[in-house]
A.B. asks: 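My structure is below; once you've seen it, I'll send some questions.
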There are 4 protein chains.
Amino acid sequence: MSKTFIAAKPETGKRERAKAANRDAILVAARHVFAELGFEATTVRDIIRGTDLASGTFYNYFKSKEEVFEALARQSVTQFRPRLQDVRKTATSFEDYISGAIRAYFQFLMDSKRTNQADDLHHIPLVGVRVDTPEMQAVFQEIRNDIEDFLARQGAGDVDTEYLTAAAIGVARELGDCMVSRKTGDEGQIIDQVTAFATNMILNGVRDLIKDIKTE
Amino acid sequence: MSKTFIAAKPETGKRERAKAANRDAILVAARHVFAELGFEATTVRDIIRGTDLASGTFYNYFKSKEEVFEALARQSVTQFRPRLQDVRKTATSFEDYISGAIRAYFQFLMDSKRTNQADDLHHIPLVGVRVDTPEMQAVFQEIRNDIEDFLARQGAGDVDTEYLTAAAIGVARELGDCMVSRKTGDEGQIIDQVTAFATNMILNGVRDLIKDIKTE
Amino acid sequence: MSKTFIAAKPETGKRERAKAANRDAILVAARHVFAELGFEATTVRDIIRGTDLASGTFYNYFKSKEEVFEALARQSVTQFRPRLQDVRKTATSFEDYISGAIRAYFQFLMDSKRTNQADDLHHIPLVGVRVDTPEMQAVFQEIRNDIEDFLARQGAGDVDTEYLTAAAIGVARELGDCMVSRKTGDEGQIIDQVTAFATNMILNGVRDLIKDIKTE
Amino acid sequence: MSKTFIAAKPETGKRERAKAANRDAILVAARHVFAELGFEATTVRDIIRGTDLASGTFYNYFKSKEEVFEALARQSVTQFRPRLQDVRKTATSFEDYISGAIRAYFQFLMDSKRTNQADDLHHIPLVGVRVDTPEMQAVFQEIRNDIEDFLARQGAGDVDTEYLTAAAIGVARELGDCMVSRKTGDEGQIIDQVTAFATNMILNGVRDLIKDIKTE
DNA sequence: GATGAATGAGCATTCATTCAT
DNA sequence: GATGAATGAATGCTCATTCAT
C-alpha cells in the first residue's frame, strides 16, 4: 500500500491520522463547550456530543474533563509563554516590558477568539473559564516575577509588588474581556489602541511609586 | 386553623415569622455552601442540609438554586447600592467619586468576608462565584454611568469610557480579591491602604486622558 | 387527624407502612435475583426491576447490592441461629448435638426453599449464592466451636477438629442441596429421612476417632 | 497462503505453532486471573492484559470469557478423568474405589494449586470458581455411576445412592478446600493424611448401609 | 405550610465486541 | 492472522423535583 518511493516525509498511517484528528476534535469541542457552559457545568457528554464520536471514545484520549481542560490550558500556555519570553528578553525597561507583555496578552486573546469564532462566549475566552488554572496562575506568577525583577533593577522603592501586579493584571484582564466582546473592525488597530490605553494606564498609575518611570 | 380568638395585640402571626425565618435559614446556609463549594458544585441538598428543614420545603421558598443565588446576589447589591448612592451624592468630583466608590467596594468585600467567616472560602466572597451576575453587572453599569456623568461634567474629552471603566473595575476587582485573600491584621488600616493604592493607580492612570484631574 | 380514642395499637402511618413494604419488596426481589443469577452477576437494576419501584429508590434503602445481600444474610442467620442455640442448650451429647444441628439446618433450608418458591434456583438457596458470607461463616464457626466443645467434654482423643467439622459440614451442605433440589413429597418425612442419613453417616464416620460414640 | 514450496520436512508451520502458543497464553493468563478475581469479576481485558496480545486477538481464539472458562474446565477434567479411570479399572471393591478416587481428587487439587502457585487464590482452585460447571458435574456423575456400579456388584441393599454419593462428594469437596487452604508442609504426607481421614469417614459412615463393607 | 420518600432523567465510566488497517 | 481504536449498551449512582401525607 503506502509504497513511497522517494517520499521525503514518511507517510503517517491512516490510524495515526485518525487518532490525531479525534483528539483534536475532542479538544475543539471541549474548548467550545467550556466557553459556552463554563468548566463546572460542562459534562463529558456535552463534549463528545460536539464531536461525531461515541461516548466511550472520549476515554481513549482523556481520563476526565479535567484532563481535557488541562490539555487546553497547556495548549494556551504553550502558545503564550514563548511570546512572553520574547518580551522579557528584549525589554530594556519596566515600561518596555509592560507594554510588550500587555500587547502579547491582547494579541493572544484575539488569536484565541479567532479560534473560538462563532461561539457565544459567555466566559473568558483564554481557555474558557476561570482563568485560575494552575497553568494560568503560573503565567501570572511569571509576570509577577518579571515585574519584580524589572522594578528591582530599576530601583523602585518599597512598592507592594503584589498589589502592583494585581492591579496591572486586573487592568489587562478586564480590558481584554472588554476588547474581545466588542464586535468591531480591524484587529490590529484595536490591539494597538487597547494596548496603548492599558500601558498608559498602568505606567501612569505607578508613576508615583517608582522612580524614573518614563511615560513618554 | 391557628386562629387566635382573643388575641388583643395585632400579633405579626407566628406563621409569617416562621416563614421569614425559614427563608433566612436557607439563604444563610446557601451563602456558606456556595462559598465553600462554589455555585456549580453545590446542590440543593447541600443547602437544605445546612438547615433543619426538609428537602421539599426548599421549594416553598425558591424554585432552584439559581433563584437562591439570585436572592443572595440581590442581598449583596441591596447592601452595596445605598453605599454607592451615598458616594455619588456626596462626591464633588471624579476623583472624589472614584475614591469613595473604591473604598465602598473594598469595605463591602470585607463585610462579606466577615459574614462568611469561619468558612474556607474557596471562591470570591461577594456571593460566591463569578461576579458576573446580572445584579453585579448592574452595579458595574451604575458605576460606569456615574463615571461617564462625572467625566462629562468635568469635560473629559473623547475618552473611551467603556475602556476606562473596565480598567477601573479591573483594578478594583483584582485588588479586592488580593486584599481578601490576605490573612492580615487590622481591617480598617488595610482598607485605607488598598483604597489609596487603587485610587492613586486609577487617577494617575487616567491623568493624561482627562483634563483637570487632581491627583492631590 | 389520626384521633385514636381507645385504640390499643397505635396506628402506624401510611408512610411507615409503605417504607416497610418497599424495603421488603427490595429484599424479596433481591433474594430471587441473587438465587437466579448469583451475587456477582446481579445488578442493582436487576433487583429494582423485580419491584415496581424506581431505580433511585433503591438507594433510599440500601447503599449497594452488597448491603442488601448482607441484610438477607442477616435475615437468614437471625432465623437460623436461635434454632442452633436451642439445639446446643438441650443437647446432652455429641450425638445429640449433631443430630439436632443437622435437622435444624435441613429444616431451615426447607423453610428458605418455601420462601423462594417458584424460582429456578441455580444457586444454593440458603440466602442465594456463595454460602461463604461472613455471616454464614460465623454460623459454621459456631458449629465448629460447638463440636469442639462436645468433643472435649466427651474426651475425644487428638481428632483434627478442623477436618472433622469440614467433613460434617460437607455432608450437611451437599445433602442439603440434594434434598432441596428433589421435587418430592412430604416435607416432614424427607427431613426425617435425610437427617437420619446424614447423622448416621457422620456419627459412624467418626466412630473410630472418638471414644464412647454411641451409634445405637 | 503460507505455501511452503520446497519444504522437505513436513514442518509444523510457524503459523500453527504461533496459534497454539497464543491460545495457551490466553488460557494461562485466564487461569491466573480467574483464580485471583473470580469468574464474574474478571473481564476479557484482564485476561488479555496478562498476555502480550491485542484485545481483538482474543476473539480469534474464544468467543467469550465463558468459553475460555469452559476450555479451562475441560482441561481440568481432561487431567482428572484418566486418573479416575485408572482407579475404576484397578479397584477391586467399593472400599478400594472410594479410597482411590478420593486420593486422586486430592492429588488433583494439589496439582492445580501448584500450577496456580504464587497467585493469591481467593477462589476454589479447581478451575477457579463454583465447581458446578457442566464438566465438573460430569465428573461427579461419573463418580456417582461408579459408586452405583460398585454397590450393585457388592450387593448393597436399597441404599439411596444419590444421598450416598452426595455425602461422599460433600466430604471430599469440603475437606479438599480445607486442605488446599492450609499453609502446611509436605504435600505427600498431607494427601495421605486427608485421604485416610476422608476414606475412613465415608466408609465407616456407610457401614450400616452396605453389607460386607470392610473397614479394616 | 412542612415533610421526606419516590421518581426518573442524567452523568461518569467500563467493557465486550467489531472492524478497518 | 494480529492489531487496537471505535462503539454504544449497560452499570452504579446522584439529584432536582414532585406529591401524598
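Lettering of chains follows the sequences in order, A, B, ..., and the numbering in each one begins at 1. Keep in mind the model is a prediction, meaning the values are calculated, not measured.
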A.B. asks: Tell me which residues in residues 48-57 of chain D put a heavy atom below 4.0 Å from DNA chain F, sorted by number, or none.
C.D. replies: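 D:L53, D:A54, D:S55, D:G56, D:T57, in order of number.
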A.B. asks: Could you tell me the separation between the CD atom of C:E67 and the C1' atom of F:dC13, rounded to a whole number of Å?
C.D. replies: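 Computing the C:E67:CD to F:dC13:C1' distance gives 14 Å.
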A.B. asks: Would you say that C:V68 contacts C:F58 through its side chain, given a criterion of any heavy-atom pair below 4.5 Å between the two side chains?
C.D. replies: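 Yes; the side chains approach each other to less than 4.5 Å.
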A.B. asks: Return one dot-bracket line describing DNA chain F 5' to 3' (Watson-Crick or G-U wobble pairs, both distances under 3.5 Å; ( ) same strand, [ ] crossing, | another strand, . none).
C.D. replies: .||||||||||||||||||||
A.B. asks: Considering residues at least two apart in sequence or located in another chain, which fulfil the side chain to side chain contact (heavy atoms under 4.5 Å, CB included) criterion with C:A41?
C.D. replies: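 Side chain to side chain contact (heavy atoms under 4.5 Å, CB included) list for C:A41, sorted by chain: C:L37, D:E40.
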A.B. asks: Between atom NZ of A:K65 and atom OG1 of A:T42, what is the distance when rounded to the nearest 0.5 Å?
C.D. replies: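 Answer rounded to 0.5 Å: 4.5 Å.
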A.B. asks: Can you list everything that forms a side chain to side chain contact (heavy atoms under 4.5 Å, CB included) with A:A21? Sequence neighbours excluded, please.
C.D. replies: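 Side chain to side chain contact (heavy atoms under 4.5 Å, CB included) list for A:A21, sorted by chain: empty.
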A.B. asks: What integer distance in Å separates C:L37:CG from F:dA10:C1'?
C.D. replies: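 From C:L37 CG to F:dA10 C1': 14 Å.
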A.B. asks: D:F62 CZ to E:dT17 P: how many Å, rounded?
C.D. replies: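 From D:F62 CZ to E:dT17 P: 14 Å.
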A.B. asks: Just to be sure I understand the rule, does C:Y61 reach a base, reach only the sugar-phosphate, or reach nothing, if contact means heavy atoms closer than 4.0 Å?
C.D. replies: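 Result for C:Y61 = sugar-phosphate.
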A.B. asks: Pick the nucleotide of DNA chain F nearest each of A:N22 and C:Y59; which residue has the one closer to the 5' end?
C.D. replies: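 In this pair, the answer is A:N22.
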A.B. asks: Compare all side-chain heavy atoms of B:F62 with those of B:E70 and state whether any distance is below 4.5 angstrom.
C.D. replies: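 Result no, sub-4.5 Å side-chain heavy-atom pair not found.
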A.B. asks: Send over the distance from B:E66 CD to F:dT17 P, rounded to a whole Å.
C.D. replies: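 Checked: the CD to P distance equals 8 Å.
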A.B. asks: Would you name the heavy atoms of B:I47 and B:I26 that are closest together and state the gap between them?
C.D. replies: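 B:I47 and B:I26 have their closest heavy atoms at CG2-O, 3.8 Å.
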A.B. asks: Could you pull out every donor-acceptor pair under 3.5 Å between side chains of residues 48-55 of chain A and any protein atom, sequence neighbours left out?
C.D. replies:
| unit_1 | atom_1 | unit_2 | atom_2 | d |
| --- | --- | --- | --- | --- |
| A:R49 | NH1 | A:D46 | OD1 | 2.9 |
| A:T51 | OG1 | A:I48 | O | 2.8 |
| A:T51 | OG1 | A:L53 | N | 3.0 |

A.B. asks: Return the 5'-most residue of the pair D:F58, A:S64 with respect to DNA chain E, ranking by each residue's nearest nucleotide.
C.D. replies: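 Result of the comparison: A:S64.
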A.B. asks: Can a side chain N or O of B:N60 be found less than 4.0 Å away from OP1 or OP2 on E:dG1?
C.D. replies: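 Checking B:N60 against E:dG1: no side-chain N or O falls below 4.0 Å of OP1 or OP2.
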A.B. asks: For residues A:Y61 and A:E67, report the shortest heavy-atom separation together with the two atoms involved.
C.D. replies: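 Scanning both residues, the minimum pair turns out to be O-OE2, 4.1 Å.
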A.B. asks: Return the value, rounded to whole Å, for the distance between atom CZ of B:F39 and atom P of F:dC15.
C.D. replies: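 These atoms are roughly 15 Å apart.
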A.B. asks: Rounded to the nearest 0.5 Å, how far does CZ of B:R23 lie from CG of B:N60?
C.D. replies: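 It is 12.5 Å, given to the nearest 0.5 Å.
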A.B. asks: Return yes if the base of F:dA10 and the side-chain atoms of C:R45 contain a donor-acceptor N/O pair under 3.5 Å, otherwise no.
C.D. replies: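 Check fails, no donor-acceptor contact within cut-off.
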A.B. asks: Send over the distance from A:K65 NZ to E:dG10 C1', rounded to a whole Å.
C.D. replies: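 So the NZ-C1' distance, A:K65 to E:dG10, works out to 14 Å.
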A.B. asks: Base, sugar-phosphate or nothing for C:K19? Non-hydrogen atoms, less than 4.0 Å.
C.D. replies: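 Counting heavy atoms under 4.0 Å across all strands, the contact made by C:K19 is with sugar-phosphate only.
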A.B. asks: In whole angstrom, give the distance that lies between atom NZ of D:K63 and atom C1' of E:dC15.
C.D. replies: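 In whole Å, E:dC15 C1' and D:K63 NZ are 19 Å from each other.
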A.B. asks: How close or far is atom C1' of E:dC15 from atom CD of D:E40, stated in whole angstroms?
C.D. replies: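 Rounded to the whole Å, the gap is 14 Å.
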